[in-house]
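Just below is one structure, and these are the notes that go with it.
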Amino acid sequence: MATKPTNNPELLKLRDEIDGIDAEIQRLINARAECAQRVAEVKLEARKSGLEDAVFYRPEREAQVLQRVMARNSGPLDNEDMAKLFREIMSACLALEKPVEVAYLGPEGTFTQQAAMKHFGQWAKTKPLLAIDEVFREVEAGAVNYGVVPVENSTEGVVNHTLDTFLNSNLKICGEVELRIHQHLMIGKNTQQKAISRVYSHQQSLAQCRKWLDAHMPHVERIAVNSNAEAAKRVHSEWNAAAIAGEMAAELYDLDIIHQKIEDRPDNSTRFLIIGQQYVQPSGNDKTSLIVSMRNGPGVLFNLLEAFSKHSIDMTRLETRPSPSGSWAYVFFIDFKGHLEEEHVQKAMLEVRERAVEVKVLGSYPMAVL
Ligand SMILES: O=C(O)C(=O)C[C@]1(C(=O)O)C=C[C@@H](O)C=C1
């Protein structure tokens, strides 16, 4: 239905006001972009004079900018929506300096792609790869600047493959992203709803929706495939199948979502890591990740944990994985709040090093802001 041109004076006046504000916002965004261009020149000058390498993407600075946006926000837009707008402005500004290249665990349409966009914004150049170790290798080879891989899910636990790949890699963790995971049931344009006899998804997503499937589709076969995007792709051309995947996959393969948010736990979320070759400066609100090998024996774990507790360090995660050396030895993956440059962290690290056989620092990086 065509709408008539409005002649309501109040509406016209408000639209005039919006036009004026838009012009002002646009002028300011371009002023900001010019500043970013000058920042790039300063970084390149510093490199020429041998002062430092020109690193354009600065995770600690981005985290600080977003935190400030949220802290000073007075509404009516909520803090997170406002920060998302600034996320995109910064992404466009960084692209003017030098577009950031990011590999992620694909294929296109996965939650990892969503995490990459959430962290780097729409202006990042993204590249899907089909395995976690491929993402590591691509970053190690310098073919891309950063990689994004999943590390843990609040319902299903840790992604062992990501942790194990760190054991043989020199890459650093440069950041983390948290993503609320909403699983949707979707079908193709030719799917006959009554004839659905199988549902495809990644094994983790099937597990996250187990109760819903038991209640609503008890007789439908559940088929695990490599990724949610792969599930969506299959359904696109099958008339008797459905897929469980995220919104991006539905859009990419032109599927219709017939049941939204079917995950069993409403707080279902996944944490992803940004991997790279960069040492990240403190942002003021950071996390540090380590791999620690201990000798087997009584009180070993207690001894390790005591070094952190003595210096009031807030440990956010502890995972145990079999050591690559085998013979029932284990390594600990530890995350705690704080940056390696903070004094209390340095004191705790000294003690950890005394008590451990080996300590590998995976990096200090800003805690997820959005
Ligand atoms: O402050 C910098 O170093 C910049 O490059 C500017 C800027 C920004 O737009 O604010 C852009 C990219 C960086 O990742 C961080 C911040």
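Throughout, residue positions are numbered sequentially from 1 according to the sequence presented. Model, not experiment: these values are computed from the prediction. We use all heavy atoms of the structure for the numbers below, so side chains are in, but hydrogens, waters and symmetry mates are not. Order of listing sets the numbers, starting from 1, for every ligand and every atom in it.
- Heavy-atom contacts of F56 reach the following atoms of ligand 1: 5 (O), 12 (C), 13 (C), 14 (O) (cutoff under 4.0 Å).
- Taking a cut-off of under 4.0 Å to the non-hydrogen atoms of C93, the atoms of ligand 1 that pass are 9 (O).
- Close contacts of ligand 1 with L94, meaning ligand atoms under 4.0 Å from a residue heavy atom, involve 12 (C).
- In summary, the aromatic rings of F120 and Y57 are positioned with their centroids under 6.0 Å apart.
- Compare R61, E62, E97 by their heavy atoms: the one nearest to atom 13 (C) of ligand 1 is in E62.
- At the top of the distance list for atom 10 (O) of ligand 1, counting protein heavy atoms only, stands R32 NH2, 2.8 Å.
- Residue contact check: Y57 has heavy atoms under 4.0 Å from atoms 14 (O) of ligand 1.
- Proximity to V39 (heavy-atom distance under 4.0 Å) selects the following atoms of ligand 1: 2 (C), 3 (O), 4 (C), 5 (O).
- In this structure, K118 does not pair ionically with E178, as no charged nitrogen and carboxylate oxygen lie closer than 4.0 Å.
- Here F136 and F166 bring their ring centres to under 6.0 angstrom of each other.
- Screening Q204, E263, Q208 for a side-chain hydrogen bond (donor to acceptor under 3.5 Å, both in side chains) involving Q183 leaves a single residue, Q208.
- Note on R27 versus E24: salt bridge recorded, some NZ/NE/NH1/NH2 to OD/OE distance being below 4.0 Å.
- One option in K98, R38, K43 has a heavy atom closer to atom 2 (C) of ligand 1 than any other, and that option is K43.
- Note on R210 versus D264: no salt bridge recorded, every NZ/NE/NH1/NH2 to OD/OE distance being 4.0 Å or above.
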